[in-house]
Each structure stands twice: as structure tokens, then as C-alpha cells.
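Residue numbers count from 1 along this sequence. These numbers come from the heavy atoms of this one structure, side chains and all, not from hydrogens, waters or symmetry mates. From a predicted model like this one, the values you see are computed outputs, not experimental measurements.
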Amino acid sequence: MKNSVKISFLTGLLFLFFGSIKAQTLEDYLQIAAENNPEVKAAYAEFEAAMQEAPQVKSLPDPTLTMTAFGSMVETRLGPQEARFSLMQMFPWFGTLAAREDVASLMAEARFQAFLNERNQLFLEVSRQYYELYALQQQLSYQQENLGILQNYKDLALSRVSAGSGALSDVLQADLMRNESVTGLDILRLKKESLVVQFNALLNRPRTEEVILPQEIETGAKNVIFDTPVSGNPRLAELERMEASAKAREKLAQKEGLPNVGLGVDYVIIGERMDMAVEDSGRDAIMPMISVSLPIFRGKYKAARKQAAFMAESYEQRRIGLENQLSAEMEAAVFQVREAQAMLALYERQVESSEQVLNLLLSGYRNASSNFEEVLRVRQELLKYQLAVAEAEAAYLTALARIDYLSGKTFDYDNKN
């Protein structure tokens with residue numbers, strides 16, 4: 001009874017374990033990458049650092065406390081001055097602190113858009129390598145199947161040689177093609193090992209950790225109509241925020257060219273007069289103070305305003321140029337989708353036709369009416385088209401992922417959490 005319970009328990013654990021492995025999808029890997037990738041973490045830390053700028057610039061300057069001790073007493077009517085304490089607080093012109101906060105906040109928003117772009121680029125690269133690994137898995141399956149079929153062809157050729165109706169050269173040709181297939185299989189395995197290391201590096205995981213891939217990925221509708229603008233791309237949003245920040249800096253330069261006002265108080269400690277009796281002798285003095293800065297050297301303020309205006313124009317022109325570039329890249333990506341669709345349809349038709357031709361040739365070879373060399377040639381053609389199908393699927397899915405990246409539409413990681 002205990003053994004049966006233990007077996008059931010272990011079976012349940014294995015089921016949960018393998019079930020969880022199979023449940024891993026591209027979205028799961030994207031989430032792992034977003035949480036673990038050091039470049040994305042660094043970009044987010046830069047955004048958090050930029051967020052700390054606003055509380056600094058919107059604060060008043062620290063007040064100034066001055067303490068003076070008189071070595072030689074300064075005599076007044078009420079007595080000698082013994083010490084003086086001065087406290088002064090400067091206040092920028094109205095709206096200056098708010099303008100500084102606007103500049104810092106807009107720059108922080110720009111850093112957030114830079115973080116989003118870094119994460120979206122990571123998602124695109126993870127998707128690309130994931131689809132490449134999927135294509136390699138399909139190609140490995142085709143090569144493995146081809147190896148078994150070539151062994152069957154060799155056995156068929158041997159049986160015909162034994163029956164006296166076949167040629168030994170057929171067996172040797174089958175061996176030659178098997179050797180090519182074995183080498184092709186080995187190369188694909190080596191390529192997959194290398195790509196797994198690269199994929200795990202993106203996820204910041206151990207280099208040899210297994211990557212679970214599905215048996216099949218749905219390639220979606222064949223006649224998708226693309227009308228996707230690039231206006232949602234975070235790189236454009238980043239330049240928009242930087243342009244807004246530069247315009248806010250221009251306003252700030254104007255505010256900083258206005259006077260600063262200081263309010264303060266002087267407290268003077270006065271000793272009692274010893275030489276005569278005076279009313280209020282020794283009474284300490286309190287003196288309110290006001291100070292105003294005089295920004296008479298206007299050159300630096302004018303230069304700061306011009307600098308901010310030129311920077312705003314620079315960001316605007318860069319944004320226009322980037323939008324044109326992204327639009328061109330979008331057109332190229334849409335073409336890549338269409339091209340991959342066309343090639344995928346072609347290769348699938350070629351696979352179907354090659355299988356039909358191969359079946360006819362095999363039937364003829366068994367009846368001694370077909371050339372074995374032609375059977376092998378068509379078999380290699382079939383394998384070539386099968387491998388091309390896998391590559392076309394990966395190219396199609398990667399092009400779709402690039403369209404999502406260019407439009408700013410990526411895996412909704414935030415809602416996933």
C-alpha cells in the first residue's frame with residue numbers, strides 16, 4: 001500500500017514537472033528575459049535615477065546661517081555688541097521651481113521610453129532566436145527522418161542485389177547520402193547548442209539550460225492586411241519628451257534671468273553698559289532683512305534660452321528623421337512577411353509534389369522500371385524543401401515580431417504580472 005502511494009505521489013510530481021516544462025511558451029521566456037536581462041535592468045535603473053532629479057530641483061536652496069563673534073566690541077547706545085547671528089533664505093522668482101521640476105520630469109519620462117525601447121528590442125531578439133531554435137528543431141526532425149528513410153532505401157537496394165536484380169552501386173549511393181545526412185544532422189545539433197547558449201544569455205540563465213519548444217507554431221492568417229503606424233514606437237516618444245523638456249528648459253532660462261529674493265533676520269547679542277545707566281541697556285537687537293539679486297549680466301541667460309531652443313529644434317528634426325526611418329523599416333518588414341508567405345506556400349507545394357513523385361519512383365524501382373539514382377535525387381529535393389519550409393516559417397514569424405517592435409506593440413509584460 002505504501003509503495004503504491006509513493007509511486008502515485010512520484011508520478012504526480014513528474015506529471016507536474018513535465019507539465020510545467022511543456023507549459024513554457026514564448027511569452028514565458030519574454031517575461032523571464034524582462035525580469036533577468038541586465039541591460040533592461042540597467043535601463044530601468046537609469047529611469048529610476050532620473051525620477052530622483054525632480055525632488056532635488058524643485059526644492060528651495062538651503063538657508064544660510066552666519067555667526068559672528070566680535071574680537072573688539074562694537075559699542076552701541078545700549079551696550080557693546082558681543083555676537084551676531086544672521087539667517088537668510090533665498091527664494092527664486094515665482095514659477096522657477098515649477099519650471100525646473102517640469103524639465104526634470106520630462107527627462108525622466110524620456111528615460112522611461114528609453115527603457116521601454118530597450119525592453120522591446122530584447123523581446124524582438126528573444127523572439128527571433130526562439131523562432132530560429134524552433135526552425136532548427138523542425139530541421140533536426142526532418143534530417144532524422146531522412147536518415148531512417150535512407151537506411152530503408154539501402155535495405156531495399158541490398159535486397160534487390162541479393163535477388164540479382166539490383167546493382168551494388170545503388171547501395172553505395174545510399175551510403176553516400178546517409179553520410180551526408182549524418183553530417184547535416186551533426187551540424188544542426190552544433191548550431192542548436194550554440195543558439196541555446198545565446199538564447200540563455202539573453203535571459204541571463206545558465207548557458208546550457210534547456211529551452212522547451214513547441215511541436216508546432218501556428219503561423220496565422222495567410223492574407224493579413226498591415227496598416228500599422230509607427231507612432232507608438234518608444235524611440236519616437238523618447239524624442240518627443242526630450243523636445244518638450246528642451247522647450248521647458250527655455251522657459252526655465254527665462255525664469256532664471258529674473259531676480260531672486262532673500263528674506264532673513266539678524267540677531268545681535270548686546271552686553272549691558274557699565275559706564276552709565278541707560279534705559280533698555282543690554283537689550284538684544286533683532287533686524288529683519290531683505291535682499292534681491294541683480295541679474296544684470298544678461299548674456300548667459302540669453303545664451304541659455306538660445307541653447308534650449310536649438311536643442312528643441314534638434315530633437316524635433318531627429319524625431320522626424322526617425323519616424324521616416326521607422327516607416328521605411330516597416331515597409332521592409334511587411335515585404336519580408338509577404339515574401340516569407342509566398343516562399344512558404346511554394347515550399348509546401350514543392351514538398352507535396354516531391355512526395356508524390358517520390359512515391360511513383362519508389363513503386364517503379366520496386367518493379368525495376370525506375371533508376372535508383374533518380375529516387376535518391378528526388379529524396380534530397382524533398383529534404384531541401386522540408387528544411388526550407390522550417391526556415392520560411394521562422395522568417396515569417398520573425399518578420400511579424402519586427403512589425404510589432406516597430407509599431408511599439410509587444411508582449412504585454414506589465415499585465416502579465
- Query: Quick one: which of Ile149, Leu358, Asn146 gives a side chain to side chain contact (heavy atoms under 4.5 Å, CB included) with Leu382?
  - Reply: Leu358
- Task: Compute the centroid of each ring, for Tyr153 and then for Tyr365, and state whether the two points are separated by less than 6.0 Å.
- Result: no
- Quick one: which of Glu329, Glu125, Glu331 gives a salt bridge (Lys or Arg N to Asp or Glu O under 4.0 Å) with Arg402? Glu329
- Can you find a side-chain donor-acceptor pair between Ser327 and Glu323 that sits under 3.5 Å? no
- Message: Assess whether a salt bridge exists between Glu132 and Arg128, defined as any Lys/Arg side-chain N lying under 4.0 Å from an Asp/Glu carboxylate O.
- Response: yes
- Item | Residues, nucleotides or ligands: over 12 heavy atoms within 6.0 Å of Glu373 CD | no
- Message: Is there a side-chain contact between Glu256 and Gln254 in this structure, where contact means two heavy atoms from C-beta onward sitting under 4.5 Å apart?
- Response: no
- Check: Phe47 ring centroid to Phe115 ring centroid under 6.0 Å: no
- Tell me, yes or no, whether the heavy-atom count around Glu209 atom CD, taken from other residues, nucleotides or ligands under 6.0 Å, exceeds 12. yes
- Close side-chain approach of Glu393 to Ile217, heavy-atom, < 4.5 Å: no
- Judged by atom type as modelled, is there a donor-acceptor pair below 3.5 Å linking the side chain of Ser354 to the main-chain atoms of Gln350? yes
- Looking at side-chain heavy atoms only, is the closest gap between Ser407 and Pro229 below 4.5 Å? no
- Message: Check this for me: does any side-chain nitrogen of one of Glu238 and Arg235 sit under 4.0 Å from a carboxylate oxygen of the other?
- Response: no
- CA sep, side-chain torsions, deciding dist, call: Arg189, Glu193, salt bridge (Lys or Arg N to Asp or Glu O under 4.0 Å): CA-CA 6 Å; Arg189 284 170 178 161; Glu193 289 176 5; over 6 Å; no
- Task: For residues Gly264 and Met88, report the shortest heavy-atom separation together with the two atoms involved.
- Result: N-SD, 3.8 Å
- Query: Tell me, do Leu346 and Arg349 make a side-chain contact under 4.5 Å, heavy atoms counted?
  - Reply: yes
- Message: A side-chain contact here means heavy atoms from C-beta on lying under 4.5 Å apart; do Val265 and Met289 qualify?
- Response: no
- Query: Does Phe372 have Arg160 sitting over its ring (NZ/CZ under 6.0 Å from centre, angle to axis within 45°)?
  - Reply: no
- Query: Can you tell if the side chain of Met67 reaches within under 4.5 Å of the side chain of Arg84, non-hydrogen atoms only?
  - Reply: no
- CZ (Arg111) with more than 12 external heavy atoms under 6.0 Å: yes
- Query: Could you state the interatomic distance from CD (Gln137) to CG (Leu213), rounded to the nearest 0.5 Å?
  - Reply: 4.5 Å
- Message: A side-chain contact here means heavy atoms from C-beta on lying under 4.5 Å apart; do Leu147 and Val182 qualify?
- Response: yes
- Item | Heavy-atom side-chain contact between Leu172 and Leu176 under 4.5 Å | no
- Task: Can you establish whether the number of heavy atoms outside Met51 located under 6.0 Å from its atom CE is more than 12?
- Result: no
- Using a cut-off of 6.0 Å, state whether more than 12 heavy atoms not belonging to Phe310 lie near its atom CZ. no
- Residues Gln198, Ser194; criterion side-chain hydrogen bond (donor to acceptor under 3.5 Å, both in side chains); working and verdict: CA-CA 6 Å; Gln198 297 174 50; Ser194 174; 3.2 Å; yes
- Message: Would you say Asp28 and Thr25 are linked by a side-chain donor-acceptor pair, where the criterion is simply a distance under 3.5 Å?
- Response: yes
- Can you tell me if OH on Tyr44 sees more than 12 non-hydrogen neighbours from other groups inside 6.0 Å? no
